[in-house]
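Comments concern the structure below.
All values below were derived from every heavy atom in this structure, side-chain atoms included, with hydrogens, water molecules and symmetry-related copies excluded. Residue numbering restarts at 1 for every chain, and letters A, B, ... go by the order of the sequence lines.
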Amino acid sequence: MKNQLQELIASCVERTYQISPLVTIERTDDNFGDFSTNVALRLSGELQEVAKTIAETIATEFNNSSKDFVASVAGPGFINIRVGDSLLQQTVSDIIEMKENYGTDILHSGKLIVVEYSDPNPFKVLHAGHLYTTLVGDTIARLLEITGAKVKRVNFGGDVGLHVARAMWGIINSLEGEYPEKLKDVAKADRATWMSNCYVQGNIAYEEDEVKKAEIVAINKKVYELHDTSDKSSDFAQIYWTCRQWSYDGFDQVYQALEVHGFDTYYPESMTVNIGKKIVEEGLMKGVFKKSEGAVVYDGEKDGLHTRVFITSEGLPTYETKDLGLAVVKWEDYKFDLSLMITGNDIIEYMKVVQAASKHFYPEITERTKHITHGLIKLPGGKKMSSRKGNVLLAEDILSAAKEAYNSQTSQVDQSAVLAAVKYSFLKSRIGGDIVYDPDESVNILGNSGPYLQYAHARACSIVSKAASLSSVDYELDSSERLLVRKLSMYPEVMRLAAAELMPHHLCSYLYELAQEFNSFYESNRVLGDSREAQRLTLVHAYTQVLKNGLSVLGIQAPEKM
RNA sequence: GCCCUGGUAGCUCAGCUGGAUAGAGCAGGAGACUUCUAAGCUCAAGGUCGCAGGUUCAAGUCCUGCCCGGGGCACCA
């Protein structure tokens with residue numbers, strides 16, 4: 001509708017003034033109309049004419065040529081446009097039938113997009129940051145899909161490297177030697193906790209004991225060798241592969257519990273490391289990389305970036321090199337139109353260096369790659385949330401805090417509402433900056449929360465379920481009906497905006513406003529038994545569909561009863 | 001020191017490519033209701049948009065400088 005209007009106005013301007021300026025259409029306050037445009041104000045300088053006069057000329061021309069819209073002039077020269085009721089109703093029925101394609105023509109139609117997110121490291125637990133990335137990535141992937149893209153979800157994790165060595169040290173220490181058969185003694189349910197405890201042990205050993213540190217460094221090399229020689233049978237290898245698998249299984253369990261979409265591909269670093277190394281070695285000869293203090297580095301300073309190490313003086317590749325290899329692997333697997341990586345904002349500068357280096361070898365891949373970042377999760381008032389695993393905030397800490405808060409506020413146990421609370425509170429803020437997660441606020445049914453939206457959906461469903469039948473009747477809209485329809489008609493615009501900017505919070509804001517609009521309607525208008533029942537039922541039905549649809553993009557269930 | 005981020009109501013946040021009176025929720029205040037889910041609704045109160053300049057018919061939004069918070073600056077990921 002917005003696009004249609006834009007073209008109409010543009011053609012009016014062209015007819016009257018023989019110029020084709022950029023026409024922008026905005027949603028406007030209901031007191032003014034449904035849409036407004038400031039073309040007249042912008043043209044006033046160029047045309048040497050008072051803006052208001054221009055606005056009136058355009059508005060008159062517009063009204064003569066359009067039946068579905070009515071334009072009027074206000075203020076210094078705004079043109080306000082009101083949409084005719086029948087068109088408005090048509091829009092809503094289009095949304096219900098999913099005819100409106102959310103602007104796929106200009107967005108992602110036919111594109112193959114690879115989205116990388118979550119990225120937990122095997123041998124370690126998921127912390128709060130992983131939870132955040134997972135939920136953001138899950139939603140962005142769905143936004144892309146709904147605007148026409150074919151999406152591949154990929155997950156990248158470090159199954160080699162110092163953190164693995166620390167964990168392996170702890171594991172072997174707990175097993176009192178390289179005895180893979182002893183792993184049977186660890187109960188299935190305890191695996192994640194056990195491994196994370198081993199990691200903590202290894203961590204302490206590395207920090208506090210020089211001898212143990214040396215052992216861990218040796219293990220680090222051993223893990224790389226194990227991959228290079230495809231060792232699956234040695235005692236050390238058996239322990240490694242078994243525990244690595246335990247990690248992946250554990251992650252899958254968390255994803256299932258979170259009700260997020262599964263991943264198409266799981267890229268372990270061991271798969272990308274040699275490819276990355278090859279590139280770096282080649283680059284060293286070409287002069288893209290250089291030797292410095294025994295290490296191979298990329299000098300980013302000439303591009304205003306940092307200098308970073310790609311291969312250490314020990315000869316081991318760093319994360320930089322693995323990421324370089326990952327880009328190639330993704331490309332070979334998918335030949336994508338666009339590749340998104342969603343991570344925390346602490347690696348912005350790091351990623352710029354990797355991208356700068358990558359550009360020397362694969363400019364076409366680099367151009368299609370985009371790094372999206374989010375901030376950290378903080379707790380309100382700087383207070384510490386107790387964690388069993390030390391000072392890091394874990395994903396499970398967040399979930400259990402939400403569960404507890406929900407339970408104490410409602411004295412109910414409702415996993416769907418708890419998930420809704422967590423997801424919505426993470427997604428409602430613009431991604432990029434840090435967010436403050438307050439478990440009490442997230443489950444607060446009284447406010448701008450996931451459970452509020454679920455409830456808003458359920459009570460509308462209750463009306464529909466009590467109705468004898470649904471039949472579409474077009475009366476003229478009364479004022480409160482019109483407000484609801486007007487809000488509903490914005491759905492495609494919001495979806496398009498959120499998908500174009502890759503910003504889920506736009507959708508959150510909209511759904512909340514929509515629910516408020518409905519609740520307000522609900523309070524002052526009877527549906528069942530009213531003389532306008534048929535008309536209103538259609539609207540309520542449309543509302544439940546839009547809300548349910550929007551929530552599903554956010555990964556939130558819309559139960560019909562609560 | 002350099003680079004990236006952010007600074008909007010007591011708290012947590014929106015504010016789309018500059019537009020008409022800066023919007024929500026929470027907390028605190030007031031109210032309506034014999035009715036389809038009150039986990040709701042209505043009203044009032046709450047703001048030098050970090051500070052100072054500049055550009056513009058118009059600046060929370062763009063430019064410059066400064067102040068404050070967070071992050072990053074080579075062998076960690």
Side-chain angles (χ1 to χ4, degrees), chain A residues 22 24 26-29 31-32 36 38 41-42 44-45 51 74-78 80 119 121 124 158 161-163 269 292-301 304-314 316 318-320 322 344-350 352-353 373 375-376 378 380-381 409-410 412 417 425 428-430 432-438 440-441 444-449 451-452 454-456 458-467 493-494 497-498 500-501 503 505-506 508-509 512-513 515-516 519-530 533 536 540 561-562:
Chain A
L22 179 70
T24 56
E26 289 175 357
R27 281 284 178 175
T28 192
D29 192 276
N31 297 325
F32 298 130
S36 80
N38 61 0
L41 290 155
R42 301 178 100 135
S44 125
F78 292 103
N80 292 324
D119 295 350
N121 285 327
K124 290 176 75 175
L162 207 51
H163 64 281
E269 273 174 29
S292 171
E293 295 169 33
V296 180
V297 304
Y298 180 81
D299 176 14
E301 278 158 50
L305 303 169
H306 305 138
T307 292
R308 300 199 69 106
V309 172
F310 279 65
I311 293 179
T312 70
S313 47
E314 295 268 321
L316 293 176
T318 60
Y319 223 93
E320 283 81 343
K322 297 164 190 169
N345 59 15
D346 51 335
I347 62 165
I348 289 179
E349 294 299 304
Y350 154 87
K352 279 185 189 167
V353 177
T373 62
L376 295 167
K378 295 198 222 164
Q409 278 191 34
T410 63
Q412 283 176 32
S425 65
K428 74 176 176 181
S429 294
R430 189 183 188 87
D434 293 348
I435 61 165
V436 173
Y437 177 71
D438 184 339
D440 292 325
E441 194 184 302
N444 195 341
I445 316 95
L446 305 170
N448 183 1
S449 71
Y452 170 99
Q454 289 186 312
Y455 181 71
R459 68 202 304 230
C461 284
S462 165
I463 297 178
V464 177
S465 70
K466 288 189 174 112
E493 288 159 40
V494 172
L497 177 68
E501 294 189 351
M503 290 284 181
H505 78 283
H506 288 301
C508 294
S509 306
Y512 181 61
E513 285 167 21
Q516 277 186 312
N519 281 336
S520 181
F521 172 85
Y522 178 95
E523 292 296 327
S524 47
N525 298 282
R526 185 77 204 175
V527 176
L528 299 176
D530 192 88
E533 175 176 317
R536 288 182 175 169
V540 174
K561 282 181 184 167
M562 278 183 90

Q: Consider the side chain of A/Met562, meaning its heavy atoms from C-beta on, and name the nucleotide among B/rG19, B/rG72, B/rA39 that approaches it most closely.
A: B/rA39
Q) Counting side-chain heavy atoms from CB outward, which of B/rC73, B/rC75, B/rA39 is closest to A/Gln412? A) B/rA39
Q: Mind calculating the distance between CD1 (A/Ile311) and P (B/rC76) to the nearest angstrom?
A: 14 Å
Q: Have a look at A/Asp299 and say if it touches a base, only the backbone sugar-phosphate, or nothing, with a 4.0 Å heavy-atom cut-off.
A: nothing
Q) Heavy atoms under 4.0 Å, any strand shown: does A/Ala467 hit a base, just sugar-phosphate, or nothing? A) nothing
Q | Interatomic distance at C1', B/rG40 relative to B/rC33, whole Å | A | 11 Å
Q: Remember a base hit wins even if backbone is also touched, and classify A/Ser520 as base, sugar-phosphate or nothing at under 4.0 Å, heavy atoms.
A: sugar-phosphate
**Q.** Minimum-distance nucleotide (side-chain atoms of A/Tyr452 versus B/rG70, B/rG40, B/rG19)
**A.** B/rG40
Q: Look at all strands and tell whether A/Asn80 reaches a base, only sugar-phosphate, or nothing, counting heavy atoms closer than 4.0 Å.
A: base
Q: Give the C-alpha distance, both sets of side-chain angles, the deciding distance and a yes or no for side-chain contact (heavy atoms from CB on, under 4.5 Å) between A/Tyr522 and A/Ile463.
A: CA-CA 10 Å; A/Tyr522 178 95; A/Ile463 297 178; 3.5 Å; yes
Q. Base, sugar-phosphate, or nothing for A/Ile347, non-hydrogen atoms under 4.0 angstrom?
A. base
Q. 5'-most contact on RNA chain B: A/Val527 or A/Lys124, nearest heavy atom basis?
A. A/Val527
Q: Take atom C1' in B/rA14 and the same atom in B/rG1, then report the distance between them in whole Å.
A: 36 Å
Q: Measure from CD on A/Glu26 to P on B/rG15 and round the result to the nearest Å.
A: 14 Å
Q | Nearest-angstrom distance from the residue atom NE2 of A/His505 to P of B/rG23 | A | 18 Å
(Q) Roughly how many Å apart are B/rC13 and B/rG50, using the P atom of each and rounding to a whole number? (A) 15 Å
Q | Nucleotide nearest A/Val436 when distance is taken to its side chain, options B/rC16, B/rG19, B/rU12 | A | B/rU12
Q | Minimum heavy-atom distance between A/Ser429 and A/Ile435, given as atom pair plus value | A | CB-CG2, 3.9 Å
(Q) For B/rU5 and A/Asn345 - does any side-chain N or O of the residue sit under 4.0 Å from the phosphate oxygens OP1/OP2? (A) no
Q.
Let me spell it out: for each of A/Thr318 and A/Asn448, pick the nucleotide of RNA chain B with the closest heavy atom. Which residue's pick is nearer the 5' end?
A. A/Asn448
Q. Considering only B/rA74, B/rC76, B/rA20, which nucleotide approaches the side chain of A/Phe32 most closely?
A. B/rA20
(Q) I want to verify a distance call: between B/rU37, B/rG19, B/rC41, whose nearest atom is closest to the A/Arg42 side chain? (A) B/rG19
(Q) Using a 3.5 Å distance criterion without hydrogens, assess whether the side chain of A/His163 forms a donor-acceptor pair with backbone atoms of A/Gly158. (A) yes
(Q) Using a 4.0 Å heavy-atom cut-off, does A/Asp530 contact any base of the nucleic acid, only the sugar-phosphate backbone, or nothing at all? (A) nothing
Q: Please state whether the base of B/rC16 and the side chain of A/Glu493 form at least one donor-acceptor pair under 3.5 Å?
A: no
Q.
Measure NZ/A/Lys428 against P/B/rC13 and give the value in whole Å, please.
A. 9 Å
Q: Look at the side chain of A/Asp346 against the base of B/rA77 and say whether a donor-acceptor pair falls under 3.5 Å; ignore hydrogens and angles.
A: no
Q: Report yes or no: is there a donor-acceptor pair, N or O only, under 3.5 Å between the side chain of A/Ser462 and the base of B/rC36?
A: no
Q: Would you please confirm or rule out a distance under 4.0 Å between OP1 or OP2 of B/rA39 and any side-chain N or O of A/Tyr455?
A: yes
Q: With the side chain counted from C-beta on, respond yes when A/Phe78 and A/Asn38 share a heavy-atom pair under 4.5 Å apart, and no when they do not.
A: yes
Q.
Between B/rA20 and A/Phe78, is there a base-stacking contact, meaning the centre of the base's six-membered ring lies under 5.5 Å from the residue's ring centre while the planes stay under 30° apart?
A. yes
Q. Among B/rC4, B/rG25, B/rA77, which is the nearest nucleotide to the side chain of A/Leu162?
A. B/rA77
Q.
I'd like to check, for A/Tyr512, whether its ring lies over the base of B/rG25 with centroids under 5.5 Å apart and a plane angle smaller than 30°.
A. no
Q: Starting from P on B/rC73, measure out to OH on A/Tyr298 and report it in whole angstrom.
A: 18 Å
Q.
Using a heavy-atom cut-off of 4.0 Å across all strands, would you classify A/Lys378 as base, sugar-phosphate, or nothing?
A. nothing
Q. Can you find a side chain N or O atom of A/Tyr522 that sits less than 4.0 Å from OP1 or OP2 on B/rU42?
A. no
Q: Classify the nucleic acid contact of A/Ser509 as base, sugar-phosphate or nothing, counting any heavy atom under 4.0 Å across all strands shown.
A: sugar-phosphate
**Q.** Separation of the P atoms in B/rA32 and B/rU42, to the nearest angstrom
**A.** 16 Å
Q) For A/Gly344 and A/Thr373, which heavy atoms make the closest approach, and how far apart are they? A) O-CG2, 3.8 Å
**Q.** Distance-minimising heavy-atom pair for A/Tyr452 and A/Gly447
**A.** CB-O, 3.2 Å
(Q) My understanding is that a pair needs two contacts under 3.5 Å, Watson-Crick or G-U wobble. By that rule, which nucleotide pairs with B/rU17? (A) none
**Q.** Selection from B/rC13, B/rA74, B/rC73 that lies nearest to any side-chain heavy atom of A/His306
**A.** B/rC73
Q | Electrostatic pair A/Glu523-A/Arg459, nearest N-O below 4.0 angstrom | A | yes
(Q) What is the distance, to the nearest angstrom, from the CD atom on A/Gln516 to the P atom on B/rA39? (A) 17 Å
Q. Reckon A/Ser44 touches a base, only the sugar-phosphate, or nothing at all at heavy-atom distances under 4.0 Å?
A. nothing
Q. Does any nucleotide pair with B/rC51 by Watson-Crick or G-U wobble geometry, both distances under 3.5 Å, and what is it?
A. B/rG65
Q) Looking at the side chain of A/Ser36, which of B/rA20, B/rU37, B/rC4 is the nearest nucleotide? A) B/rA20
Q: Starting at atom CG of A/Asp434, determine the distance to atom P of B/rC11, rounded to an integer number of angstrom.
A: 17 Å
Q) Which nucleotide sits closest to the side chain of A/Ala458: B/rA74, B/rC36, B/rU37? A) B/rU37
Q. Can you find a donor-acceptor pair, distance only, under 3.5 Å between A/Ser292 side chain and B/rA74 base?
A. yes
Q: Please state the P separation for the pair B/rU56 and B/rU61 - nearest whole angstrom.
A: 16 Å
Q: Scan A/Leu316 against the nucleic acid and name what it touches under 4.0 Å (heavy atoms): base, sugar-phosphate only, or nothing.
A: nothing
Q | Side chains of A/Tyr319 and A/Glu269 in contact at under 4.5 Å (non-hydrogen atoms) | A | yes
Q. Between atom CZ in A/Arg430 and atom C1' in B/rG60, what is the gap in whole Å?
A. 13 Å
**Q.** Shortest non-hydrogen contact from A/Asp434 toward A/Lys378
**A.** OD2-CE, 3.1 Å
Q) According to the Watson-Crick and G-U wobble definitions, with both distances under 3.5 Å, which nucleotide is paired to B/rC2? A) B/rG72
